[in-house]
> 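I have a structure here, written as C-alpha cells, and I will follow up with some questions on it.
Here is how names work: the chains are called A, B, and so on, in the same order as the sequence lines, proteins then strands, and each is numbered from 1.
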2 protein chains.
Amino acid sequence: MKKEVQELIRQSSLFREVNPDIFDKVLETCVARSVEEDGFFFMQGDPATHAYVLVEGRVKMIQITPSGQQITMRIMTPGQTYGGIAMLNPRAGYPATAQAVEDSIAMAWDTSHLRELAGKDPSISLNTMQLMHGYISELQDRQQALVTERVEQRIARVLLKLAAQSGKRTDEGVLIDLPLTRQDVAEMSGTTLFTVSRTLNEWERSGLLKIGRERVVICSPHGLVSIADDLAER
Amino acid sequence: MKKEVQELIRQSSLFREVNPDIFDKVLETCVARSVEEDGFFFMQGDPATHAYVLVEGRVKMIQITPSGQQITMRIMTPGQTYGGIAMLNPRAGYPATAQAVEDSIAMAWDTSHLRELAGKDPSISLNTMQLMHGYISELQDRQQALVTERVEQRIARVLLKLAAQSGKRTDEGVLIDLPLTRQDVAEMSGTTLFTVSRTLNEWERSGLLKIGRERVVICSPHGLVSIADDLAER
DNA sequence: GTTTGTCTTTGCGCTGGCGCAAGGAGGGAT
DNA sequence: ATCCCTCCTTGCGCCAGCGCAAAGACAAAC
C-alpha cells in the first residue's frame, strides 16, 4: 500500500489518533475496492457489512424516496468515511446509496474486523461517535434550512459548501471541481432543476458567478454568503 | 431510588444490557433533576455536561434558528434518553434545547462518570451509537419528508408519530395525551399554525379526527395513514 | 460532419401555502 | 361574574416556486 494512502487512513475521521500498534492491524485488515464512474459501493437497504474510507475520486450519498424522487445527502472527498454504520450492526441496512461521481477507490473494513479493532482501541468507538455527531449536526442544519429558508438561500449554501470541500482557486474565482449538473444542485438543495437554472443565471447576470455545462465558478463568495445569510436586498 | 425508576433506567436505550455489576455503579453515579412545566433542562449551545434519562413527564427538544423561528425536533417520553452527546465531549454544545412540556423528572450523568462507565462496559458505547443511529434515521426521514412531501402529508405523519408514542385509547379514538397547540404541530411538521388549523378542521369535517383546544383525538388512523402515504384522492 | 444523447434555458400558467388581521372561544384566576 | 390571556378560526390577498413543454447548446461518438 502506498504511503499516501496510509497517511490518508491515519488521518481519516474513523482512525485518527489510533494507537500505532493497532493502526498496523487496521492497515492489515482492510481491502481496497474500486468503483468506476456512476457505479455503486452499496445501495440503500443493503446489509451494512463494510465501512469505507475514500482514497481517490468522489462519491455521493443519495437517498431514493418511495415515490422515486432522489435526494443527494452529501458528496465525499478523499479521506472521508462513509458506511460507518457497519460498525454497529451488520444486519442494519445502509441508510443511503453510495454512488461514485468519478472513478473512485476506497478502503473497506468489514464489521467483524471493525468490532475487533474497536475492542482493542476505544478511540475507534469515540471516533465513530464523533463522526455520527458531525453527521447529526449536518442533518439538523439542513433540516433547519429546509424549514426556514427560501430556495435561493439554500442553493447559495449548497454552492458554498461544495466550494469549501471541492473548491479550486482559478483566476476567474473558485471553481467547483466536480461535474455538477443543475439536477445535482437541485437534489442537494431540495428544489427543481428549473429553479436552479433560473437562479444561477440570475446570479451570473449580476456577476456573482460564472456557469457552464456541469460547471460553476464562484466569483464573489461574499455575495453568496450574504444571500445565504439573507443579508441581501431582495 | 424507587424500583420503577431503576427499571426504567435498566431498560433505557442508554443502559440496556449493561453488565449488572456495572449497572450498580450506574445507579450510584446519577443525580435526579426535576424541572417544572415550561422550564429547561438545558439550552442549545450550553456545554454538554450531562446526559439524561427521562423518568417522569414530557420533554421536547427544540431548535431556534438565527432568525428566531423555532422548530420542534421531537417529544420525549419516560425512558427515553436525551443529551447523550455529553458522552462525547463536554466542550461540545448541546445541539438543541430541552424544554419540559409538563412537570418532569430526569436522571442525569455527567461526562466524566459516563466515560468511566463506558470504559468498564463497552455496551454503553454501543448503545450510544445505536441511539445516535436511530436519531440519524429519524432526521433523514424527516428531511426526505420535508423535501418531497406536501404539508398535508407531513402533518398526518406528525400526528401518527405522536399517537404512537403518547397515544391513549379512548372510546372516541386514540387521544394524543399531551397539551398540544396548533403551533406545536406546525413546528413539528415545518409549516405555520394557520395551515395546521385549516387542515385539522378539514379533517374533522370529514370525520378523521376530533379536535379541541390543545387536544387531538384520532378517529380513523387508517385514514391518516393513507394521507401520509399519499394514497388519498385529492 | 452529422447524429445522438444529455444538459440547459426560458416562457407561461398555476396553485399550495404563507402572512396578516380581525374576531371568537375556552379556561383560569381573582 | 368578570376579566384576561392564550389558543384557535377564517377570510382575503398574494407570490415563490413548481410543472410542463419546447427549443437551444454542447460534447462525444460514429
> Just the rounded figure in Å: distance from P of dA21(C) to CZ of Phe194(B).
10 Å
> How sharply is the helix from dG1(C)-dC30(D) to dT30(C)-dA1(D) bent, taking the axes over five pairs at either end and rounding to 10 degrees?
30°
> Can you tell if the side chain of Asp141(B) reaches within under 4.5 Å of the side chain of Arg157(B), non-hydrogen atoms only?
no
> What residues form a side chain to side chain donor-acceptor pair (under 3.5 Å) with Asp110(B), not counting sequence neighbours?
Ser112(B), His113(B)
> Give the B/S/- string for nucleotides 25-30 of chain C, one per nucleotide from 5' to 3', where a protein heavy atom under 4.0 Å of the base yields B, of only the sugar-phosphate yields S, and otherwise -.
BBS---
> Under 3.5 Å, which donor-acceptor pairs do the side chains of residues 204-212 of chain A form with other protein atoms, sequence neighbours left out?
| from | atom 1 | to | atom 2 | distance (Å) |
| --- | --- | --- | --- | --- |
| Glu204(A) | OE2 | Ile211(A) | N | 3.2 |
| Ser206(A) | OG | Glu202(A) | O | 3.3 |
| Ser206(A) | OG | Trp203(A) | O | 3.2 |

> Who are the salt bridge (Lys or Arg N to Asp or Glu O under 4.0 Å) partners of Arg74(A), not counting sequence neighbours?
Glu138(A)
> Write down the distance between CZ (Arg198(A)) and C1' (dG13(C)), rounded to a whole number of angstrom.
12 Å
> Give the rounded distance in Å between these two atoms: CZ of Arg150(A) and C1' of dG16(C).
17 Å
> So if I take residues 181-193 of chain B and measure heavy-atom distances to DNA chain C, which residues fall below 4.0 Å?
Thr191(B), Thr192(B)
> In whole angstroms, how far is the C1' atom of dT6(C) from the CG atom of Asp38(A)?
12 Å
> Once you round it to whole Å, what is the distance between C1' of dT10(C) and CG of Leu200(A)?
14 Å
> For Phe42(B), which residues count as a ring pair (Phe, Tyr, Trp, His ring centres under 6.0 Å) partner, sequence neighbours excluded?
Tyr52(B), Tyr94(B)
> When you list every nucleotide of DNA chain D with an atom under 4.0 Å from a heavy atom of chain A, which one comes first 5' to 3', and which comes last?
dG17(D) to dA27(D)
> Among all residues two or more places apart in sequence or in another chain, which pass the side chain to side chain contact (heavy atoms under 4.5 Å, CB included) test with Glu37(B)?
Asp103(B)
> Kindly write out the residues that satisfy side chain to side chain donor-acceptor pair (under 3.5 Å) with Ser166(A), not counting sequence neighbours, or none if the list is empty.
Arg58(A)
> I'd like to check Met73(A) versus Leu139(A) (side-chain heavy atoms, cut-off strictly below 4.5 Å). Are they in contact?
yes
> Does Arg33(A) have more than 12 heavy atoms from other residues, nucleotides or ligands lying within 6.0 Å of its CZ?
yes
> Which whole-number value in Å describes the distance from Arg154(B) CZ to dG16(C) P?
14 Å
> Output every pair passing side chain to side chain donor-acceptor pair (under 3.5 Å) with a member in residues 170-190 of chain B, not counting sequence neighbours, ordered by first then second residue.
Lys60(B)-Asp184(B), Thr72(B)-Glu187(B), Thr181(B)-Asp184(B), Gln183(B)-Glu187(B)
> Give me each pair satisfying side chain to side chain donor-acceptor pair (under 3.5 Å) with a member in residues 78-87 of chain A, each pair once, sequence neighbours excluded.
Ser13(A)-Thr81(A), Thr77(A)-Gln80(A)
> Using modelled atom types and a 3.5 Å cut-off, is there a donor and acceptor pairing between side-chain atoms of Gln165(B) and backbone atoms of Ile75(B)?
yes
> For the pair made of CD in Glu152(B) and C1' in dC18(C), what is the distance, rounded to whole Å?
16 Å
> Check whether Arg154(A) reaches the backbone of Gly190(A) with its side chain - one donor and one acceptor, N or O, closer than 3.5 Å.
yes
